[in-house]
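First listed ligand is number 1; within each ligand, the first listed atom is number 1. If you're wondering where the values come from, they're calculated on a predicted model, not measured in any experiment.
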Amino acid sequence: MSRGVLTVVSGFSGAGKGTVMKGLLSKYGNYALSISATTRKPREGEQDGREYFFKTKEEFEKMIAEHAFIEYARYVENYYGTPGAYVEEQLAQGKDVLLEIEIQGALQVKKQRPDTLLVFITPPSAEILEQRLVGRGTETPEVIAMRMNRAVEEAAYMDAYDYIIVNDRLDDCIESMHQVIQSHHAASSQQDEFIRQMQKELEERKERKA
Ligand code: 5GP
């Protein structure tokens, strides 16, 4: 069985990443979503172990010391990190694993594993981004302002991503994501084992004929 594709999905806060991930998971059977740990307080309706593993700062720092994370970052005064064990296990089982993480984390993962696919989801315009953040109604005006400022910084890294997907119509966005990820199964970086096997078989045939 071939290994799954590891995809990192980033995008401005309010770009609709969470909804796109949910759409992929419910529409197709081969995806697994990694659940991050964070020191942020749960928002209304969020459950420990579903949206995040909610940790204290001390618990999180202990996990850092134990090398439990593939990557971690500070974002708007909180820690966020991806536990490595689940990701490894799912990839080995052939699942396409989705990480919904911000840019510092995305770049760390790509550096460690160059075969990672980096996808950036963005609303069609800055105005629509702000409207979506305000409309969500879960954040204070100060946090919205912080997130808009952060978006300015993040926009500088958009070209580090392999693909930019505009989230205008949700269904189109989900379809584009799925296509990009499925195409990546054919990338040579995903085919290491197959390439080695083919090379070995060809060498063996050559030796037999010689
Ligand atoms: P939120 O607080 O809105 O749930 O997430 C804030 C930001 O943290 C989002 O950009 C989200 O993608 C990012 N994030 C969530 N989990 C992780 C993680 O494990 N690592 C990193 N680096 N960023 C994360």
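Salt-bridge annotation for E71 and K110: absent, with no side-chain N of the basic residue lying under 4.0 Å from a carboxylate O of the acidic one.
Taking only non-hydrogen atoms, the option from E154, K17, E100, M21 nearest to atom 14 (N) of ligand 1 is E100. Closest heavy-atom approach to atom 13 (C) of ligand 1 among the candidates R150, E102, R40: E102.
When non-hydrogen atoms are compared, ligand 1 lies under 4.0 Å from the side chain of Y75 (C-beta onward) but not from its backbone. Proximity of K41 to ligand 1, defined as any heavy-atom pair under 4.0 Å, is not found for any part of the residue.
Under the 6.0 Å cut-off for aromatic ring centres, F12 and F120 qualify, their centroids lying closer than that.
Any N or O atom pair closer than 3.5 Å counts here, and A37 shares no such pair with ligand 1. Of the polar atoms of Y72, none of the N or O atoms is found under 3.5 Å from an N or O of ligand 1, judged by distance alone.
Using a non-hydrogen distance threshold of 4.0 Å, E46 does not register as a contact of ligand 1. The closest approach between any non-hydrogen atom of Y52 and ligand 1 is below 4.0 Å. Contact between E71 and ligand 1 is present, with at least one heavy atom of the residue lying under 4.0 Å from the ligand. At a 4.0 Å cut-off, at least one heavy atom of R43 sits close enough to ligand 1 to count as contact.
Two residues are said to be in side-chain contact when any heavy atoms from C-beta on lie closer than 4.5 Å; E193 and Q197 fail this criterion.
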